[in-house]
Undergrad: 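Once you've had a glance at the structure underneath, I'll fire off some questions.
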Amino acid sequence: ITTDVERHIQPASVDPPLSSEAYIIPSGWKPDPEKTIIESLKSLPRKECQPLDLTADVVIVPNCDSAWLVFLEGTYRLPTGFWLRSSPKSTEGRLGNLVQLVADRQTNYDEVHGPYDGRLAVLVTPRVFLNTLYKGLTLNQLRLFCGAYFTLGDDELRREIAHHELVYDNGKPVPTERVRIHGGLELHVDLEGKKSQGIIGFRAIRNPVPIDRRKKTPYENYFEPILAPTNGRLIILPDDKLLILNSIECVRIPPHLGAEMDAVVQ
């Protein structure tokens, strides 16, 4: 990252800004394992790789066969034994955007293993709303790891919860013996809406106006509330592209830890 480095450093991650260099390419694209990102793009037919300049706003459109590849600002160097993992920022998840990190000569999304010295890019696929992309926007988070033993086991997670009060209900810490842990911390959807006046979440609705993250747009333009079901069962319709649901528990992540959310249906 070449400018305002400290502004993009978080307690457990780096939020890299987008550069002005971008391309419209087929969705699901990956770099060639023997080529850089640029070399791989040059291998595409010209009609399947259209260059863009993000110094002017670019609107990306869902439900099409295209994705938007945008280079991150700067270059990245990883020594042997270090690696990066990328995840979308929470805002992108709430907007239904798929944001995947790609790197030179590496065909796996969202992971970069050292030694590495080169540029990185994100493949952005909107699935719900029209979005506005622009230079300097941050879409993903990068976390740096050394070695392989960084994930907390269930017993270690219980100790962290006991010592640092990570889980809350009604504003009070949940005792460790009441927290459900199985391959990670389990959270539960609130289908009663007792704390939110009967609203258990929000459902995305169609809107032709692109979302611009620089503006404070009223949420009701893009979402409608979901009321608590009378029978305690939430019915998800085939046309439901994106649901955002309330959890019963609240989670606090202290600076010395990082967290990722996995969807587990039971």
Undergrad: Using the rule that Ile, Leu, Val, Met, Phe, Trp and Tyr join whenever any side-chain heavy atoms are under 4.5 Å apart, tell me whether Ile161 and Val251 fall into a single cluster.
TA: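 Yes, same cluster.
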
Undergrad: I want to check something: taking the side chain as every heavy atom from C-beta on, are Thr107 and Val102 in contact at a cut-off of under 4.5 Å?
TA: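 Not touching, per the 4.5 Å side-chain cut-off.
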
Undergrad: Minimum heavy-atom separation for Leu120 to Val112, with atom names?
TA: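 Looking at all heavy atoms of both residues, the shortest contact is CD2-CG2, 3.9 Å.
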
Undergrad: Identify the two heavy atoms, one from Gly136 and one from Pro17, that lie closest to each other, and give their separation to 0.1 Å.
TA: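 The pair with the smallest heavy-atom distance is O-CB, 3.7 Å.
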
Undergrad: Got a donor-acceptor contact below 3.5 angstrom from the Asn108 side chain to the Glu111 backbone?
TA: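 No; zero donor-acceptor contacts below 3.5 Å.
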
Undergrad: With sequence neighbours excluded, give me every side chain to side chain donor-acceptor pair (under 3.5 Å) pair touching residues 55-67.
TA: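 Pairs touching residues 55-67 that pass the test: Asp53-Thr55, Asp57-Arg214.
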
Undergrad: Using modelled atom types only, decide if a donor and an acceptor are shared between the side chain of Arg127 and the backbone of Gly96 within a distance under 3.5 Å.
TA: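 Yes.
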
Undergrad: Counting N and O atoms only, with roles assigned by atom type, does the side chain of Asp117 sit under 3.5 Å from a partner on the main chain of Arg77, one being a donor and the other an acceptor?
TA: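 No, because the side chain of Asp117 does not come within donor-acceptor range (under 3.5 Å) of the backbone of Arg77.
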
Undergrad: For Gly198, does its backbone N or O pair with a side-chain atom of Ser196 as donor and acceptor, under 3.5 Å?
TA: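 Checked: no pair found.
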
Undergrad: Using a 6.0 Å cut-off, check whether atom NZ of Lys42 has over 12 heavy atoms from anything other than its own residue.
TA: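 No, the 6.0 Å shell around NZ holds no more than 12 heavy atoms from other groups.
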
Undergrad: Please check this pair: side chain of Gln141 against backbone of Ser86, looking for a donor-acceptor N/O pair closer than 3.5 Å.
TA: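 Pair absent, no side-chain N/O of Gln141 close to backbone of Ser86.
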
Undergrad: Check Val124, Ile24, Val70, Leu52 against Ile60 for a side chain to side chain contact (heavy atoms under 4.5 Å, CB included) and give me the one that passes.
TA: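 For Ile60, the side chain to side chain contact (heavy atoms under 4.5 Å, CB included) check succeeds only for Val124.
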
Undergrad: Report yes if the side chains of Trp68 and Leu133 come closer than 4.5 Å at any heavy-atom pair, otherwise no.
TA: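 With C-beta onward as the side chain, the pair touches.
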
Undergrad: Considering only heavy atoms from C-beta outward, does the side chain of Leu142 approach that of Tyr76 to under 4.5 Å?
TA: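 Leu142 reaches Tyr76 side chain to side chain.
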
Undergrad: With a 4.5 Å cut-off on side-chain heavy-atom distances among I, L, V, M, F, W and Y, is there a chain of contacts connecting Phe202 to Leu227?
TA: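 Yes, it is one cluster - the side chains of Phe202 and Leu227 are joined through contacts under 4.5 Å.
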
Undergrad: How far apart are the C-alpha atoms of Leu257 and Leu166, what are their side-chain angles, what is the distance that settles it, and do they pass the side chain to side chain contact (heavy atoms under 4.5 Å, CB included) test?
TA: CA-CA 11 Å; Leu257 294 177; Leu166 306 185; 4.2 Å; yes

Undergrad: With Asn131 as reference, evaluate Val58, Val59, Asn97, Leu139 under the side chain to side chain contact (heavy atoms under 4.5 Å, CB included) test and give the passing residue.
TA: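 The option that passes is Asn97.
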
Undergrad: Are side-chain heavy atoms of His164 and His256 found at a separation under 4.5 Å?
TA: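 A side-chain contact under 4.5 Å exists here.
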
Undergrad: More than 12 heavy atoms of other residues, nucleotides or ligands under 6.0 Å from CG of Leu237: yes or no?
TA: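 Correct, the count exceeds 12.
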
Undergrad: Report yes or no: does Asp240 contribute a side-chain atom to a donor-acceptor pair with the main-chain N or O of Leu242 at less than 3.5 Å?
TA: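 Such a contact is absent between Asp240 side chain and Leu242 backbone.
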
Undergrad: Calculate, to the nearest 0.5 Å, the distance between atoms OG and CD belonging to Ser40 and Glu34 respectively.
TA: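 Between Ser40 OG and Glu34 CD, I get 10.0 Å after rounding to 0.5 Å.
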
Undergrad: Does Phe71 form a side chain to side chain contact (heavy atoms under 4.5 Å, CB included) with Leu18? I'd like the steps, not just the answer.
TA: CA-CA 6 Å; Phe71 277 96; Leu18 301 182; over 6 Å; no

Undergrad: For the pair Thr36 (side chain) and Asp104 (backbone), establish whether a donor and an acceptor sit closer than 3.5 Å, ignoring hydrogens and angles.
TA: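 Side chain of Thr36 to backbone of Asp104, a donor-acceptor pair under 3.5 Å: no, none is there.
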
Undergrad: Cut-off 3.5 Å, side chains only: do Lys89 and Thr138 have a donor facing an acceptor?
TA: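 Present: a donor and an acceptor within the cut-off.
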
Undergrad: Donor-acceptor pair, distance only, cut-off 3.5 Å: does the side chain of Asp110 make one with the backbone of Arg85?
TA: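 Not at all, since once roles are kept as given, no pair shorter than 3.5 Å links the two residues.
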
Undergrad: Nearest 0.5 Å please: distance from the CD atom of Glu192 over to the NZ atom of Lys195.
TA: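 It comes to 10.5 Å.
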
Undergrad: Can you run down the ring pair (Phe, Tyr, Trp, His ring centres under 6.0 Å) pairs that involve residues 106-131, sequence neighbours left out, and say none if there aren't any?
TA: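 For residues 106-131: Trp83-His113, Phe129-Tyr222, Phe129-Phe223.
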
Undergrad: Considering only heavy atoms from C-beta outward, does the side chain of Pro62 approach that of Lys241 to under 4.5 Å?
TA: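 In short, these two side chains do not touch, never coming nearer than 4.5 Å.
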
Undergrad: Looking at Glu160, Arg159, Arg158, which hits side chain to side chain contact (heavy atoms under 4.5 Å, CB included) with Glu156?
TA: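 For Glu156, the side chain to side chain contact (heavy atoms under 4.5 Å, CB included) check succeeds only for Arg159.
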
Undergrad: For Lys135 and Glu21, run salt bridge (Lys or Arg N to Asp or Glu O under 4.0 Å): C-alpha distance rounded to whole Å, both residues' side-chain angles, the deciding distance at 0.1 Å, then the answer.
TA: CA-CA 8 Å; Lys135 185 179 185 297; Glu21 184 178 357; over 6 Å; no

Undergrad: Quick one: pull up CG in Leu95 and OG in Ser90 and give me the separation to the nearest 0.5 Å.
TA: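 Going from CG on Leu95 over to OG on Ser90, the span is 9.5 Å.
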
Undergrad: Can you confirm whether Lys194 is buried at NZ, in the sense that more than 12 heavy atoms of other residues, nucleotides or ligands lie under 6.0 Å from that atom?
TA: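 Open.
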
Undergrad: Count I, L, V, M, F, W, Y as connected when their side-chain heavy atoms are under 4.5 Å apart, and connections chain through other members. Are Ile25 and Leu54 then in the same cluster?
TA: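 Ile25 and Leu54: separate clusters.
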
Undergrad: Test side chain to side chain donor-acceptor pair (under 3.5 Å) on Ser43 and Lys35; report intermediate values, then the result.
TA: CA-CA 10 Å; Ser43 299; Lys35 298 179 180 179; 2.7 Å; yes

Undergrad: Applying the 4.5 Å side-chain criterion to the ILVMFWY set and letting contacts propagate, would Ile205 and Leu245 be lumped into a single cluster?
TA: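 Different hydrophobic clusters.
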
Undergrad: Are side-chain heavy atoms of Leu187 and Ile248 found at a separation under 4.5 Å?
TA: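 Of all side-chain heavy-atom pairs linking Ile248 with Leu187, none is under 4.5 Å.
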
Undergrad: Is the shortest side-chain N to carboxylate O distance from Glu73 to Arg119 below 4.0 Å?
TA: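 Salt bridge between Glu73 and Arg119, a charged N being under 4.0 Å from a carboxylate O: no.
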
Undergrad: Indicate yes or no: at least one non-hydrogen side-chain atom of Asn246 is less than 4.5 angstrom from one of Val189.
TA: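 Counting from C-beta outward, Asn246 and Val189 never come under 4.5 Å.
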
Undergrad: Less than 4.0 Å between a side-chain N and a carboxylate O, is that true for Asp154 and Arg180?
TA: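 No.
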
Undergrad: Which value, rounded to the nearest 0.5 Å, describes the distance between Asp169 atom CG and Asp190 atom CG?
TA: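 The CG atom of Asp190 is 9.5 Å from CG of Asp169, to the nearest 0.5 Å.
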
Undergrad: Answer yes or no: is there a side-chain heavy-atom contact under 4.5 Å between Cys49 and Leu69?
TA: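 When only atoms from C-beta onward are counted, Leu69 and Cys49 do not touch, as no gap falls below 4.5 Å.
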
Undergrad: Kindly indicate, with the supporting measurements, whether the criterion side chain to side chain contact (heavy atoms under 4.5 Å, CB included) is fulfilled by Val209 and Leu130.
TA: CA-CA 7 Å; Val209 180; Leu130 281 75; over 6 Å; no

Undergrad: If you compare all heavy atoms of Ala67 against all heavy atoms of Thr125, which two are closest, and at what distance to 0.1 Å?
TA: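 Closest approach of Ala67 to Thr125, heavy atoms only: CB-OG1, 3.6 Å.
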
Undergrad: What's the separation between atom CG in Asn207 and atom CD in Glu220, rounded to the nearest 0.5 Å?
TA: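 Those atoms lie 11.0 Å apart.
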
Undergrad: For the hydrophobic clusters of this structure (ILVMFWY residues joined by side-chain heavy atoms under 4.5 Å, transitively), does one cluster hold both Tyr23 and Leu98?
TA: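 As far as the 4.5 Å side-chain criterion goes, Leu98 and Tyr23 are not connected within one cluster.
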
Undergrad: When Arg203 is tested against each of Asp239, Ile244, Ile236, Leu243 for side chain to side chain contact (heavy atoms under 4.5 Å, CB included), which residue passes?
TA: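 Single side chain to side chain contact (heavy atoms under 4.5 Å, CB included) partner of Arg203 among Asp239, Ile244, Ile236, Leu243: Leu243.
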
Undergrad: Treating Asn140 as the side-chain partner and Val122 as the backbone partner, does any N or O pair qualify as donor plus acceptor under 3.5 Å?
TA: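 No, Asn140 side chain to Val122 backbone: no donor-acceptor pair under 3.5 Å.
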
Undergrad: Can you tell me how far CH2 of Trp29 sits from CD of Glu48, rounded to the nearest 0.5 angstrom?
TA: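 Result: 12.0 Å between the selected atoms.
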
Undergrad: List the atom pairs, donor and acceptor, that lie under 3.5 Å between side-chain atoms in residues 171-179 and the rest of the protein, sequence neighbours left out.
TA:
none

